[in-house]
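One structure is given below, encoded as structure tokens.
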Amino acid sequence: MDKLFAITLDVGSSLANKTGTWRTYRPVYVDRLPPCNNQCPAGENIQAWLYLAEEGRYEDAWRKIMEENPFPAIMGRVCYHTCESACNRGALDEAVGINGVERFLGDQAIKHEWRIEPGSPTGRRVLVVGAGPAGLSCAYHLARLGHAVTVLEGADKAGGMVRYSIPKYRMPREKLNQEIKRIADMGVEIRLSSPVSDLAAEMKKGRYDAAFVAVGAQLGRHLPLPSSGGVAVLDAVQILRDLEHEEAVPLRGRVIVYGGGNTAFDVARSAVRLGALESLVVYRRTREKMPAHRSEIREALEEGVTLRCLSTITEVGTGAVTIERMELDAKGRSQPTGEREMIPATTVVLALGQDTDLGLLTGVPGLRVENGLVQVDRNLATGATGIWAGGDIVPADRNATVAIGHGKKAARQIDAWLRGEVLRRPAKPELASADMMNTWYYSDAPRAIRPILEAVRRTSGFAEVVGDYDEGTALYEARRCMSCGNCFECDNCYGVCPDNAVIKLGPGERFEFNYDYCKGCGVCISECPCGAIRRVPEAI
Amino acid sequence: METQIIKFYQTGSFAVGNRLLDESQRSVQANMRRSNSLNSGHRACQGCGEALGARYAIDAAMQATSNQLIAVNATGCLEVFSTPYPETSWQLPWIHSLFGNAAAVATGVAAAMRVKGRQDVRVIAQGGDGGTTDIGFGCLSGMFERNDDVLYICYDNEGYMNTGVQRSSATPPAARTSTTAAIGEEPGNGFGQGKFVPAIAMAHEIPYVATASVAYLRDLEAKVHRAMSLRGARYLHIFVPCPLGWGAASEDTIRLARLVVETGLFPLFEAEHGEVTGRYQIRHRVPVEEYLRLQKRYSHLLGKRPAVATIARIQAMAERNIRRYGLLGEEA
């Protein structure tokens with residue numbers, strides 16, 4: 001024994017003391033569902049692609065979007081980005097400019113000609129009817145899964161309502177064309193001017209294994225208005241279609257648009273650009289009730305469009321229309337008052353919603369149509385075997401983002417069905433709500449402003465109204481993302497653990513708890529900025 | 001349009017690490033190869049602020065000295081929970097003698113290193129507020145006035161926690177401890193007593209004095225680095241919440257260490273030769289109640305009939321700090 005005086009034991013390390021036994025709760029890393037992802041009708045993993053963009057990995061970020069949505073350049077323009085309304089950062093300062101970053105990534109892809117490869121051929125053939133956002137999204141996803149896809153489109157250009165109802169100042173056509181071309185380049189056959197009149201016959205003729213129908217709602221709704229014939233009464237859908245074909249559109253003089261949806265404002269704003277003397281939107285309910293998106297109304301007003309809410313058109317006379325004032329009853333519904341007024345008018349445009357033409361589905365056994373809508377289950381399957389439907393012809397919100405989501409969902413269902421499998425939906429993770437966040441850690445950063453074309457320049461042509469983020473701004477905006485519910489490797493848990501019980505695994509590998517020593521104090525949970533750690537009771 | 005380049009890194013320097021920053025700009029604690037000077041298996045309570053503060057400070061000092069560091073420890077929680085015979089959690093040469101003599105022992109170690117010609121080996125003395133502001137105060141003041149080459153770190157948890165939460169001269173007014181019961185006309189610790197040792201250290205006009213809080217890691221590490229770049233007597237006073245002694249939830253340790261600063265109750269500053277040279281400016285100012293509410297030692301002030309006058313006196317202490325140290329910046 002050569003130990004020092006009064007020493008009987010060797011010096012040991014406290015590592016022998018497994019303090020993990022003290023624990024009554026354990027921290028567990030989780031990935032929660034960020035509110036933006038939860039909100040996105042196209043099911044984009046927004047947090048994940050912003051994370052990649054934060055590091056300047058733009059192509060990776062773009063590819064992440066492309067796993068869910070083949071149209072970032074289109075979505076970055078026409079999507080009404082409800083994700084931003086859901087964004088937790090909204091409670092801190094302002095929501096992250098997700099839409100602008102998506103557009104930046106979409107435009108980068110076009111600029112650098114990034115491509116997506118089709119999957120290895122399965123030998124199965126799928127028919128898609130309609131080359132709108134739903135149909136093209138479905139075709140894209142099917143092509144990625146290796147199926148041979150033919151898209152039949154009645155019109156002479158692809159794009160559906162994105163082309164035929166969204167004017168160029170919101171959706172420049174070269175971007176639209178590029179994103180569609182990228183899908184065609186994957187081997188998807190898009191046959192234009194090929195309307196389908198009998199789906200069953202078409203499927204038989206082309207020996208298709210399955211079909212996705214997304215022909216859209218293209219018939220403008222009409223309203224029998226007593227008219228003396230002096231003022232032209234036109235259909236909004238037809239006008240927007242003529243605009244796309246660069247045909248002469250009679251939007252001159254005093255234009256009155258009847259309706260309160262996005263289409264009404266698209267026509268009213270187009271009228272301003274075509275030099276109309278006046279562009280007035282008449283709507284029967286209040287401005288708050290207008291189905292048009294707020295940004296659409298705001299931009300229209302900036303451009304000189306005027307509104308007349310709580311009003312209906314009762315008669316179209318000569319050089320004028322008769323308008324009746326409405327008022328809200330106790331239930332908040334608008335009721336006629338009998339007070340009428342003549343206002344001068346040159347043209348009246350009806351934008352009262354759109355109906356579907358589903359003639360092609362006549363006689364398909366098992367397929368049910370109600371109120372002009374194809375009835376589908378939650379997987380978008382119709383009652384007919386091998387036929388799915390989506391977009392504006394099924395009961396859902398009508399917009400391009402929803403349609404793109406439908407296309408993806410149908411493609412995945414069709415693929416599973418062709419393989420003889422049933423697709424299981426993964427359980428939705430818990431929502432990452434604002435109260436799970438520790439926002440102290442995020443730098444103060446007001447939202448970047450997207451450049452907006454001056455109103456004067458907007459009213460004199462169809463140039464794009466909302467401008468691009470430059471690279472620096474897009475990066476800044478991406479970095480404003482708080483990564484709700486998903487670890488972004490800030491090292492906080494690793495740093496704040498008083499017991500060194502968090503193991504850092506290295507860049508991209510995240511962290512692990514060392515439960516031998518974790519005492520379950522919960523400091524890591526409190527100090528995780530993004531709420532990616534859950535407290536779980538120990539079974540004792 | 002005028003443009004301005006803004007460098008923006010999501011969490012900036014608020015979080016421990018930041019994958020968007022260059023490796024050299026990240027904190028010591030974010031490093032996978034940090035020295036973990038105070039290793040796992042120590043017997044500190046769940047959520048111990050002192051264990052955290054000690055690892056933060058000593059890891060930073062280890063990095064600053066290329067691991068040529070000796071630590072001298074006063075008696076106290078830190079000593080007891082880290083070295084129950086025969087185990088130790090320390091991964092550096094470490095010595096403990098008595099409760100009150102850590103500063104003097106450190107002076108001796110520094111002298112020994114000087115005699116041996118080992119100017120590269122640096123010395124840190126550390127202790128709790130009891131061992132620093134009360135029991136070891138004479139030795140500490142002597143070390144300061146001799147300007148011995150030691151960095152003394154006080155981990156301030158505002159009481160004698162190891163022996164059963166007794167009052168120390170760092171216990172704040174109105175706080176309940178086992179020796180200042182929440183009874184009588186002025187329940188809890190009295191006003192107008194105790195001492196703020198950083199100010200006393202400044203009065204010695206030693207090369208460096210600083211305060212830090214475990215909620216502000218980057219600030220804490222920067223102060224340790226600054227201290228280790230200097231020679232002579234240096235003093236660092238770190239605010240470390242004690243969940244057990246304060247009656248706080250263990251997960252609130254960092255939150256408390258943040259709120260005490262954001263209320264103005266604990267000023268973060270640094271001083272060289274008696275002059276304040278830097279201060280942390282409050283980022284999100286909050287009223288003192290938000291800090292008090294999380295701790296049972298103040299529960300007699302809140303509840304159904306809040307002690308409005310006492311809370312106002314505590315708020316006034318915060319205001320005084322804000323004025324004295326200029327914690328709100330110029331515009332405020």
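Because the structure is predicted, anything quoted here is derived from the model rather than measured. Below, read A as the first sequence line, B as the second, and so on, with proteins coming before strands; counting in each chain starts at 1.
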Review point. Is there a side-chain contact (heavy atoms from CB on, under 4.5 Å) between A:Y494 and B:R34 once you walk through the steps?
Key: CA-CA 11 Å; A:Y494 177 62; B:R34 72 185 186 203; 3.4 Å; yes
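- Residues A:D444 and B:R283 are paired through a salt bridge, judged by an N-O separation under 4.0 Å between the basic side chain and the carboxylate.
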List the atom pairs, donor and acceptor, that lie under 3.5 Å between side-chain atoms in residues 43-54 of chain B and the rest of the protein, sequence neighbours left out.
from, atom 1, to, atom 2, distance (Å)
B:R43, NH1, B:E87, OE1, 2.9
B:Q46, NE2, A:K519, O, 2.6

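- Side chain of A:K504 to backbone of B:A30: a donor-acceptor contact under 3.5 angstrom is found.
- Only the backbone of B:N18 comes within contact range of chain A, with at least one heavy atom under 4.5 Å from a heavy atom of that chain.
- No side-chain donor-acceptor contact under 3.5 Å links B:R19 to the backbone of A:G508.
- No other option in A:V496, A:T19, A:L505 has as many heavy-atom pairs under 4.5 Å with chain B as A:V496.
- Heavy atoms closer than 4.5 Å to chain A are found nowhere in B:E23, neither backbone nor side chain.
- Interface residue A:E55: backbone and side-chain heavy atoms are both found under 4.5 Å from chain B.
- Interface summary for chain A: among B:V28, B:T11, B:T253, B:L217, the most heavy-atom pairs under 4.5 angstrom belong to B:T11.
- Looking at A:L15, both its backbone and its side chain come within 4.5 Å of chain B, counting heavy atoms on both sides.
- Scanning both residues, B:P86 and A:D10, for their nearest heavy atoms gives CB-O, 3.4 Å.
- Heavy atoms closer than 4.5 Å to chain B are found in both the backbone and the side chain of A:Y51.
- Taking every heavy atom of both residues into account, B:E251 and A:S526 meet most closely at O-OG, 2.9 Å.
- Of the listed residues B:D252, B:T88, B:N31, the one with more heavy-atom pairs under 4.5 angstrom with chain A than any other is B:T88.
- Residue B:L38 comes nearest to A:N500 through the heavy atom pair O-ND2, 2.9 Å, listed as atom of the first residue, atom of the second, then distance.
- Of the atoms belonging to B:D59, not a single heavy atom falls under 4.5 Å from chain A.
- The main-chain N or O of A:D499 is found under 3.5 Å from a side-chain atom of B:S40 such that the two form a donor-acceptor pair.
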Practice item. Tell me, with the steps shown, if A:M482 and B:Q10 meet side-chain contact (heavy atoms from CB on, under 4.5 Å). Key: CA-CA 8 Å; A:M482 305 198 293; B:Q10 195 167 33; over 6 Å; no
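- Of all the listed residues (B:Q91, B:R26, B:R258), the one sharing the greatest number of non-hydrogen pairs under 4.5 Å with chain A is B:R258.
- Contact annotation for B:I254: both backbone and side-chain heavy atoms come within less than 4.5 Å of a heavy atom of chain A.
- Contact of A:I503 with chain B is not made at all, since no heavy-atom distance falls under 4.5 Å.
- Here the side chain of A:Y517 pairs no donor or acceptor atom with the backbone of B:H42 at under 3.5 angstrom.
- One distance of note links CZ of B:R255 with CH2 of A:W440; it measures 12.5 Å at 0.5 Å rounding.
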